[in-house]
Undergrad: 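This is the structure, below, for whatever I ask next.
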Amino acid sequence: MIEVTLKRELNNMLSALNIGDVPDITIEAPRQADHGDYATNVAFKLAPAFKKSPKQIAEQLVADWNSNYAAKMGLQASSLNGFINFKWTVGALQSKLVHFFDDEFKYAIAPKKILLEYVSANPTGPLHIGHGRWAVLGDVTARLLQVVGHEVSKEFYINDAGNQINILYDSVAAAREGKPIPENGYHGHYIKELAELDVDPVEYMVEHQQNVLASIDVEFDQWFSEKSLYADGRVDRGLQAVRDSGYGYDADGALWFRSTDFGDDKDRVLIKSDGSKTYFAVDVAYHYDKINRGYDKLINIWGADHHGYVARVKAALAALTDKDEDKLSIIIGQLVSLYRNGEQVRMSKRTGDMITLEDVIAEIGGDATRFFLIHKSADTQLDFDLGVATAQSSDNPVYYIQYGHARICSLLAKVEQELSIVPSSVKMLAFAEEIHPNEHQLAMHILRLPQEIELAATQLKPHTIANYVLELGRYFHSFYESCPIVSCEHDATRVWRIKLAYQTREAMQYCLSILGVSAPERM
RNA sequence: GCGCCUGUAGCUCAGCUGGAUAGAGCAACGGACUUCUAAUCCGUAGGUCGUAGGUUCGACUCCUACCGGGCGCACCA
């Protein structure tokens with residue numbers, strides 16, 4: 001990765017100058033593009049120890065870099081306000097870009113076996129848009145983690161035991177017998193539909209959820225049944241593990257877990273005084289089972305309506321793993337509000353029930369559904385406007401990106417047809433002295449891709465990829481408008497631009513496949 | 001009352017784990033199609049980063065308090 005190489009060379013230079021390793025050196029994009037392509041804060045970090053201004057230090061380091069390292073790296077240094085900026089020589093930038101996808105990216109990440117659990121909706125009703133968000137969040141996160149080298153197992157936990165399930169059975173049974181649905185039962189329109197089918201309601205709902213998720217390419221490696229934990233005694237083994245850990249105790253006729261030892265607000269009941277188990281008890285057993293399956297890392301994605309549950313489950317994991325606080329990460333996805341042309345919608349016109357994920361997919365399509373649900377940080381509540389998502393216009397970011405991709409495809413096809421140049425294998429004729437600012441901007445953005453991916457993966461922030469590819473599209477469209485290709489009369493420039501367009505498409509496809517959004521060749 | 005998330009342009013949001021003059025899109029206004037897809041591009045305008053303190057050479061970013069929004073606080077699942 002270029003940023004890593006640059007940092008290494010910078011450290012080489014510092015040790016050659018008898019300055020030890022400086023921690024916290026950052027290599028980042030300068031705020032303004034005309035400052036350079038990379039910037040470092042190293043002079044600020046050295047200033048206190050050397051009792052000199054960052055400006056002075058930066059100037060000295062720049063001089064040393066330019067005489068000893070600049071030519072080798074193809075990066076010319078300059079300093080401004082204490083920052084050291086590096087700028088590609090045009091030839092080096094072109095050469096780097098042209099060979100950028102020759103080898104697979106190498107990420108400085110130790111591969112792990114990861115279990116990613118997400119959605120895990122109760123099979124007592126249809127999926128809603130929030131489930132869609134956890135689904136896309138989980139699916140993209142999984143793809144991202146796989147791309148950087150982890151082994152990821154995707155799991156859906158089916159809550160097919162317990163009270164809610166009984167209530168579902170009771171509700172459907174009542175509907176089948178023509179009796180009124182119990183007060184505390186499920187009243188949605190889907191209950192009537194279930195009643196008319198000769199099916200097991202739970203099995204049917206699970207299958208239905210699977211189909212809806214599969215329709216937007218959200219697939220799982222395991223569908224883990226809660227019931228199966230009871231069937232072969234794993235619930236009891238999990239509870240025994242809590243007792244063995246020393247964090248279980250009996251009081252008031254119940255079995256408690258001392259979660260307050262791990263920062264929870266209060267201790268939690270595992271076995272109630274009537275002898276039945278709490279939902280939490282089963283969840284502890286489930287997570288105990290996950291540990292025993294030999295994963296290095298567990299990640300759960302939950303909706304914000306479950307965040308009150310985080311502390312106790314993390315506490316249980318800590319108790320069962322000898323205080324390994326990092327074993328489990330829980331990502332909380334904030335809730336989604338649906339709008340249509342600025343007005344909030346809650347009900348489906350078709351059924352009169354809540355708008356389901358299936359409704360949304362049917363209305364706006366899989367690509368738009370995935371993109372809209374992934375392109376904002378999971379930490380913020382999402383306002384999802386169905387009107388915008390359907391609009392086939394510039395305010396729709398999905399079409400904007402896909403249009404960019406289609407444009408490249410048709411452009412490259414034209415190049416091949418009219419100029420008899422094969423974009424995938426054409427060789428550069430010469431490196432240039434100067435390139436158009438839009439070419440530079442686009443090329444730089446592509447070179448930043450691996451770092452973007454690594455950051456998104458390590459910080460578990462998949463939405464940054466959506467923003468990256470959106471910006472990539474923007475830079476491409478600008479380049480496209482300002483830099484003619486087919487009609488370009490300068491051969492070397494033309495070949496370079498063909499290469500640039502080709503590499504842009506590579507980068508787009510790389511990102512879109514992580515996002516699970518299609519890359520159409522024609523629109 | 002306590003906990004988690006959140007407050008950035010009229011609207012929806014970025015802001016790369018403390019760096020340079022805070023950025024996009026939409027909406028508004030003005031331009032560009034006989035020329036590689038105008039589902040596009042170029043330009044103008046738009047800001048006390050909720051408020052007040054603090055830490056720092058440097059704060060949208062970290063800390064404290066307060067204000068506003070969302071969600072959650074069961075021997076329910």
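Below, chains carry the letters A, B, ... as their sequence lines are ordered, and counting in each starts from 1.
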Undergrad: Touch check for A:Glu521, heavy atoms < 4.0 angstrom, all strands: base, sugar-phosphate only, or nothing?
TA: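 Base contact.
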Undergrad: Rounded to whole angstroms, how far apart are CD on A:Gln459 and P on B:A14?
TA: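 Distance, rounded to whole Å: 14 Å.
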Undergrad: Classify the nucleic acid contact of A:Ser482 as base, sugar-phosphate or nothing, counting any heavy atom under 4.0 Å across all strands shown.
TA: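 Nothing, no heavy atom under 4.0 Å.
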Undergrad: Please walk me through it: do A:Glu363 and A:Arg340 pass salt bridge (charged side-chain N to carboxylate O under 4.0 Å, His left out)?
TA: CA-CA 11 Å; A:Glu363 182 166 342; A:Arg340 182 176 277 112; 2.6 Å; yes
Undergrad: If you measure from the C1' atom in B:C11 to the same atom in B:G72, how many Å do you get, rounded?
TA: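 So the two C1' atoms sit 29 Å from each other.
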Undergrad: Give each protein N/O atom lying under 3.5 Å from an N/O atom of nucleotides 60-63 of chain B, with the pair distance.
TA:
none

Undergrad: How far does the P atom of B:C42 sit from the matching atom of B:C26, given to the nearest Å?
TA: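 Comparing P positions in B:C42 and B:C26 gives a spacing of 11 Å.
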Undergrad: Strictly under 6.0 Å, is that where the ring centroids of A:Phe156 and A:Phe224 end up?
TA: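 No - the distance between ring centres of A:Phe156 and A:Phe224 does not fall below the 6.0 Å cut-off.
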Undergrad: With the side chain of A:His463 defined as its heavy atoms from C-beta on, choose the nearest nucleotide among B:G19, B:A14, B:G3.
TA: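 My answer, after comparing the listed nucleotides, is B:A14.
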Undergrad: Heavy atoms under 4.0 Å, any strand shown: does A:Pro48 hit a base, just sugar-phosphate, or nothing?
TA: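 Counting heavy atoms under 4.0 Å across all strands, no contact is made by A:Pro48.
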Undergrad: When we call it a touch if two heavy atoms are under 4.0 Å apart, what does A:Asp160 touch: a base, just sugar-phosphate, or nothing?
TA: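 No contact at all - A:Asp160 keeps every heavy atom at 4.0 Å or more from the nucleic acid.
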Undergrad: Is the glycosidic torsion of B:C33 within 90° of 0, making it syn, or is it anti?
TA: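 This nucleotide is in syn.
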Undergrad: Within the structure shown, what part of the strands sits under 4.0 Å from A:Cys483 by heavy-atom distance: base, sugar-phosphate, or nothing?
TA: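 The residue A:Cys483 makes base contact.
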Undergrad: Which residues satisfy the side chain to side chain donor-acceptor pair (under 3.5 Å) test with A:Arg133, sequence neighbours excluded?
TA: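 Partners of A:Arg133 by the side chain to side chain donor-acceptor pair (under 3.5 Å) criterion come out as none, since no residue qualifies.
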Undergrad: I'd like the C1' distance from B:U8 over to B:G47, given in whole Å.
TA: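 Per the computed distance, 8 Å lies between those C1' atoms.
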Undergrad: Base, sugar-phosphate, or nothing: which does A:Gln451 touch, judged by heavy atoms less than 4.0 Å apart?
TA: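 Touches nothing.
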Undergrad: Can you find an N or O donor on one side and an acceptor on the other, under 3.5 Å apart, linking the side chain of A:Gln334 with the base of B:U6?
TA: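 Per atom types, no contact qualifies.
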Undergrad: Taking the P atom of each, how far is B:U55 from B:U61, in whole Å?
TA: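 Roughly 15 Å separates the two P atoms.
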Undergrad: With rounding to the closest Å, how many angstrom separate the C1' atoms on B:A14 and B:G25?
TA: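 Each nucleotide's C1' atom is 10 Å from the other's.
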Undergrad: Roughly how many Å apart are B:G15 and B:C62, using the P atom of each and rounding to a whole number?
TA: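 Pairwise P distance, B:C62 against B:G15, rounds to 12 Å.
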Undergrad: By side-chain contact (heavy atoms from CB on, under 4.5 Å), which residues pair with A:Asp491, not counting sequence neighbours?
TA: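 Partners of A:Asp491 under the side-chain contact (heavy atoms from CB on, under 4.5 Å) test: A:Leu429, A:Arg494.
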Undergrad: Please list every donor-acceptor pair under 3.5 Å in which a side-chain atom of residues 470-480 of chain A meets a protein atom from a residue at least two apart or in another chain.
TA:
| residue | atom | partner | partner atom | Å |
| --- | --- | --- | --- | --- |
| A:Glu471 | OE2 | A:Tyr475 | OH | 3.4 |
| A:His477 | ND1 | A:Arg407 | NH1 | 3.1 |
| A:His477 | NE2 | A:Tyr400 | O | 3.4 |
| A:Ser478 | OG | A:Arg474 | O | 3.3 |

Undergrad: Name the orientation class of the two ring planes belonging to A:Trp88 and A:Tyr38 (parallel below 30°, tilted from 30 to 60°, perpendicular beyond 60°).
TA: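 Perpendicular, since the angle between the ring planes exceeds 60°.
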Undergrad: With 3.5 Å as the limit, what N/O pairs link the protein to nucleotides 75-77 of chain B?
TA:
| residue | atom | partner | partner atom | Å |
| --- | --- | --- | --- | --- |
| B:C75 | OP2 | A:Lys266 | NZ | 3.2 |
| B:C75 | O2 | A:Ser273 | N | 2.7 |
| B:C75 | O2 | A:Ser273 | OG | 3.1 |
| B:C75 | N3 | A:Ser273 | OG | 3.3 |
| B:C76 | OP2 | A:Lys272 | NZ | 2.4 |
| B:A77 | OP1 | A:Lys272 | NZ | 3.3 |
| B:A77 | OP2 | A:Tyr279 | N | 3.0 |

Undergrad: Pick base, sugar-phosphate or nothing for A:Ala29, based on heavy-atom distances below 4.0 Å to the nucleic acid.
TA: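 Base: the residue A:Ala29, judged by heavy atoms under 4.0 Å, touches a nucleobase.
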Undergrad: So which of A:Val172, A:Ile165, A:Leu194 actually passes side chain to side chain contact (heavy atoms under 4.5 Å, CB included) with A:Val202?
TA: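 Going through A:Val172, A:Ile165, A:Leu194 one by one, the side chain to side chain contact (heavy atoms under 4.5 Å, CB included) with A:Val202 is satisfied by A:Ile165 alone.
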Undergrad: Mark this stacking check for A:His35 against B:A20 as yes or no, applying ring centres under 5.5 Å and ring planes under 30°.
TA: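 A:His35 vs B:A20: stacking yes.
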Undergrad: Could you pull out the protein-nucleic contacts involving nucleotides 10-12 of chain B (nitrogen or oxygen on both sides, under 3.5 Å)?
TA:
| residue | atom | partner | partner atom | Å |
| --- | --- | --- | --- | --- |
| B:U12 | O2' | A:Lys376 | NZ | 3.2 |

Undergrad: With a non-hydrogen cut-off below 4.0 angstrom, is A:Leu335 in contact with a base, only sugar-phosphate, or nothing?
TA: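 Since only primed, P, OP1 and OP2 atoms lie under 4.0 Å of A:Leu335, the category is sugar-phosphate.
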Undergrad: Round to a whole Å and report the spacing from OH of A:Tyr339 to P of B:A27.
TA: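 Between P of B:A27 and OH of A:Tyr339: 19 Å.
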Undergrad: Show the atom names and distances, to 0.1 Å, of all donor-acceptor pairs under 3.5 Å that link a side chain in residues 455-466 of chain A to residues at least two apart or in another chain.
TA:
| residue | atom | partner | partner atom | Å |
| --- | --- | --- | --- | --- |
| A:Thr458 | OG1 | A:Glu454 | O | 2.9 |
| A:Thr458 | OG1 | A:Leu455 | O | 3.3 |
| A:Thr464 | OG1 | A:Lys461 | O | 2.8 |

Undergrad: Just N and O in the side chain of A:Arg407: are any of them under 4.0 Å from OP1 or OP2 of B:A38?
TA: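 Looking at the OP1 and OP2 atoms of B:A38, one of them is under 4.0 Å from a side-chain N or O of A:Arg407.
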Undergrad: Touch check for A:Ala456, heavy atoms < 4.0 angstrom, all strands: base, sugar-phosphate only, or nothing?
TA: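 Nothing: the residue A:Ala456, judged by heavy atoms under 4.0 Å, touches no strand.
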Undergrad: Excluding sequence neighbours, so at least two apart, what forms side chain to side chain donor-acceptor pair (under 3.5 Å) with A:Asn467?
TA: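 Once residues adjacent in sequence are excluded, A:Asn467 has no partner under the side chain to side chain donor-acceptor pair (under 3.5 Å) criterion.
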Undergrad: Base, sugar-phosphate, or nothing for A:Arg522, non-hydrogen atoms under 4.0 angstrom?
TA: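 Since a base atom lies under 4.0 Å of A:Arg522, the category is base.
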Undergrad: Given B:A20, B:C42, B:G19, identify the nucleotide with an atom nearest to the side chain of A:Ser478.
TA: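 Output: B:C42.
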Undergrad: Under the salt bridge (charged side-chain N to carboxylate O under 4.0 Å, His left out) rule, what pairs show up with a residue in residues 31-54 of chain A, not counting sequence neighbours?
TA: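 Found none.
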Undergrad: May I ask you to test the A:His306-A:Ile332 pair for a side-chain heavy-atom distance under 4.5 Å?
TA: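 Sidechains of A:Ile332 and A:His306: no contact.
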Undergrad: Ignoring hydrogens and geometry beyond distance, is a side-chain donor-acceptor pair present between A:Asp267 and A:Tyr249 at under 3.5 Å?
TA: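 A:Asp267 vs A:Tyr249: donor-acceptor pair found between side chains.
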Undergrad: Going by side chain to side chain contact (heavy atoms under 4.5 Å, CB included), A:Phe371 matches just one of A:Asn396, A:Val136, A:Leu515. Which one?
TA: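 The residue from A:Asn396, A:Val136, A:Leu515 that satisfies side chain to side chain contact (heavy atoms under 4.5 Å, CB included) with A:Phe371 turns out to be A:Leu515.
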Undergrad: Run through RNA chain B and report every stem of 3 or more consecutive Watson-Crick or G-U pairs, distances under 3.5 Å, ordered by first number.
TA: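 Consecutive-pair runs (3 or more) involving RNA chain B: B:1-7 with B:67-73, B:10-13 with B:23-26, B:28-32 with B:40-44, B:50-54 with B:62-66.
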Undergrad: Just to be sure I understand the rule, does A:Ala39 reach a base, reach only the sugar-phosphate, or reach nothing, if contact means heavy atoms closer than 4.0 Å?
TA: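 Base, at least one base heavy atom under 4.0 Å.
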Undergrad: Provide the closest heavy-atom pair for A:Glu325 versus A:Lys314 in the form atom of the first, atom of the second, distance.
TA: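 So the minimum-distance heavy-atom pair works out to O-NZ, 3.9 Å.
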Undergrad: Could you work out, with side chain to side chain donor-acceptor pair (under 3.5 Å) as the rule, every residue matching A:Trp134, not counting sequence neighbours?
TA: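 Side chain to side chain donor-acceptor pair (under 3.5 Å) check on A:Trp134 returns nothing, list empty.
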Undergrad: Closest nucleotide of RNA chain B for A:Pro484 versus for A:Pro54: which of these residues is on the 5' side?
TA: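 The residue whose closest nucleotide sits nearer the 5' end is A:Pro484.
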Undergrad: Taking only residues two or more places apart in sequence, or in another chain, which ones meet A:Tyr107 in a side chain to side chain donor-acceptor pair (under 3.5 Å)?
TA: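 Scan of A:Tyr107 (side chain to side chain donor-acceptor pair (under 3.5 Å), adjacent residues dropped) gives A:Tyr510.
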Undergrad: Which whole-number value in Å describes the distance from A:Ile332 CD1 to B:G3 C1'?
TA: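 After rounding, the reported distance stands at 12 Å.
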Undergrad: Rounded to the Å, how far apart are A:Leu411 CG and B:U35 P?
TA: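 Rounded to whole Å, this separation is 16 Å.
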Undergrad: A:Tyr468 vs A:His445 aromatic rings, parallel, tilted or perpendicular, using cut-offs 30° and 60°?
TA: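 A:Tyr468 vs A:His445 ring planes: parallel.
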Undergrad: Taking 5.5 Å and 30° as the limits, would you call A:Phe83 and the base of B:A20 a stacked pair?
TA: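 According to the criterion (under 5.5 Å, under 30°), yes, A:Phe83 stacks.
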